[in-house]
Amino acid sequence: SGEIKRFLRDDGMIKVSRSLKELSYKLFQAREEMTAALGREPTIEELSLELHVEKEEIVQAMEAGGEVESIYKPIHQ
Amino acid sequence: MRDTNEMEVIFDSCSSNERFARVAVAAFLTQLNPTVEEVSDVKTAVSEAVTNSIIHGYDQEIHKIRIQCRIDQNLFMVVVKDEGKGIEDIAQAMMPMYTTRPELDRSGMGFAFMEAFMDKVEVESALGGGTTVRMEKTIGKGRNLWTTQSL
Amino acid sequence: MRDTNEMEVIFDSCSSNERFARVAVAAFLTQLNPTVEEVSDVKTAVSEAVTNSIIHGYDQEIHKIRIQCRIDQNLFMVVVKDEGKGIEDIAQAMMPMYTTRPELDRSGMGFAFMEAFMDKVEVESALGGGTTVRMEKTIGKGRNLWTTQSL
Ligand SMILES: Nc1ncnc2c1ncn2[C@@H]1O[C@H](COP(=O)(O)OP(=O)(O)O)[C@@H](O)[C@H]1O
Ligand SMILES: Nc1ncnc2c1ncn2[C@@H]1O[C@H](COP(=O)(O)OP(=O)(O)O)[C@@H](O)[C@H]1O
Ligand SMILES: [Mg+2]
Ligand SMILES: [Mg+2]
């Protein structure tokens, strides 16, 4: 049980800044895919349904996205 | 960054603002570079306090709820305040499983959650005089420990 | 949901709160189901106004900035207020490229951005009497069109 506890503890150690950056990358991809599929910009609600994340959390992730975009851009180009 | 920082948010007591309030508090808390777990603890505690103001304090009428946050070094303080009907017996209200609204499917666990997820919870209230819930949590406790372990 | 909703947030004028202010406003705005682009437009405009209060209004001293948001149907209104030194000539200040702080690498494009990204921008200010920037944006313009298209 000591092992399990430590495992849970480690899991809890993920920084929120990192998890928001990960979400912002998913958001970036989902937005591109949905824009292509719909022929228009998706709304925040549509993105929230697609990613199973609250709308408010999506805007929080957008804020964390600045650096992510520059990190991932080269892969996309 | 400065060692202290303050914000205050005031909003209508409708349930659609609950998520907004949680995220506003979480966004402010981000400055302390918390873990996912710490943020979700604070969000849960704030959610419970805000729900109480909406449902019990204001009986679901629309009035104002005020949240004050203060950061002092790595201590996070949050106060949730309503000017609703107040609590007659605070000690009783804070007992796990105690609820005055079982018909609304309340579990009576709101204060118990706040106490579980925060380091300190203080309630100030008077019948007819509104309710103030003050909570504190130190962010990054034991982080040095973890660092030492992983070396 | 109700047709109207209001919130207000008051915070220290330090630049680390700029992000927080943007997220708080954006989180409130999500009730109108905006697109990512509409959210970024509003965030940019709010950012510019808040930066102005921090840099020009308060000369980077720490005082309070107040943001009020109101939703009425699909109209989003946001007011950014400081009690700083104020603007002598508002018309001149709002001209693109006009800045009183070129030494701080200011581009003089803040008001121009606000006007580009919002439907309406109004500035009220007096020397020594603080500055109030009122902005409006209708969210979901032309969205009926989309619905019709996808049918
Ligand atoms: N803000 C408040 N205003 C008035 N009464 C409150 C408030 N918060 C809590 N209470 C009272 O305390 C009781 C216990 O609260 P809580 O532990 O959150 O359980 P629950 O919300 O499920 O009833 C509530 O049933 C209510 O009677
Ligand atoms: N809140 C404010 N308080 C005082 N002066 C302001 C404020 N906002 C804008 N100003 C004045 O208006 C000018 C133009 O603002 P802006 O278009 O944002 O350009 P910039 O910030 O790059 O100077 C500023 O240089 C400043 O003189
Ligand atoms: Mg409760
Ligand atoms: Mg500017």
Side-chain angles (χ1 to χ4, degrees), chain A residues 8-77, chain C residues 1-2 5-7 9 11 14-51 67 69 71 73-76 78 113 117 137-151:
Chain A
L8 291 174
R9 206 92 188 115
D10 284 348
D11 200 33
M13 270 179 67
I14 297 170
K15 287 295 175 65
V16 75
S17 53
R18 193 184 115 195
S19 95
L20 283 173
K21 265 179 209 159
E22 281 168 5
L23 176 56
S24 89
Y25 177 52
K26 286 187 201 148
L27 181 67
F28 175 73
Q29 286 184 311
R31 186 187 172 193
E32 288 208 328
E33 284 167 18
M34 291 176 78
T35 305
L38 295 167
R40 60 163 170 84
E41 275 269 309
T43 64
I44 297 281
E45 202 165 284
E46 288 166 333
L47 285 162
S48 124
L49 289 172
E50 177 74 19
L51 295 169
H52 307 286
V53 173
E54 280 181 3
K55 291 185 286 180
E56 286 81 359
E57 222 157 298
I58 286 188
V59 300
Q60 219 189 333
M62 277 173 68
E63 187 64 37
E67 302 111 279
V68 170
E69 222 165 292
S70 56
I71 289 168
Y72 290 105
K73 255 206 182 117
I75 302 172
H76 278 267
Q77 279 164 355
Chain C
M1 206 192 72
R2 297 150 59 231
N5 194 1
E6 283 182 4
M7 76 93 168
V9 55
F11 52 94
C14 53
S15 55
S16 62
N17 281 342
E18 243 173 80
R19 273 168 154 262
F20 154 70
R22 275 200 302 264
V23 173
V25 170
F28 188 72
L29 176 65
T30 58
Q31 293 173 73
L32 289 180
N33 193 21
T35 61
V36 171
E37 203 181 339
E38 285 166 330
V39 173
S40 329
D41 288 355
V42 169
K43 278 165 79 170
T44 304
V46 167
S47 239
E48 291 295 335
V50 169
T51 308
I67 298 183
C69 293
I71 283 171
Q73 313 249 23
N74 61 342
L75 180 63
F76 182 70
V78 53
F113 282 147
F117 291 129
K137 189 181 182 74
T138 300
I139 301 299
K141 262 179 307 216
R143 200 160 296 164
N144 291 331
L145 221 76
W146 297 349
T147 321
T148 320
Q149 277 178 341
S150 63
L151 281 177

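All chains are named by letter (A, B, ...) in the order of the sequence lines, taking the proteins before the strands, and each is independently numbered beginning at 1.
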Distance in Å, Thr35(C) OG1 paired with Glu46(A) CD, rounded so as to fall on 0.5 Å steps: 10.0 Å
With Val59(A) as reference, evaluate Leu29(C), Val39(C), Val36(C) under the side chain to side chain contact (heavy atoms under 4.5 Å, CB included) test and give the passing residue. Val39(C)
Quick check on Ile58(A) against chain C: is it the side chain, the backbone, both or neither that has a heavy atom closer than 4.5 Å? neither
Chi angles and distances behind the side chain to side chain contact (heavy atoms under 4.5 Å, CB included) call for Arg31(A), Glu37(C): CA-CA 11 Å; Arg31(A) 186 187 172 193; Glu37(C) 203 181 339; 4.3 Å; yes
Yes or no on side chain to side chain contact (heavy atoms under 4.5 Å, CB included) for Glu38(C) and Glu41(A), after CA distance, side-chain angles and deciding distance? CA-CA 10 Å; Glu38(C) 285 166 330; Glu41(A) 275 269 309; over 6 Å; no
Distance check, rounded to the nearest 0.5 Å: Gln31(C) atom CD versus Glu56(A) atom CD? 7.5 Å
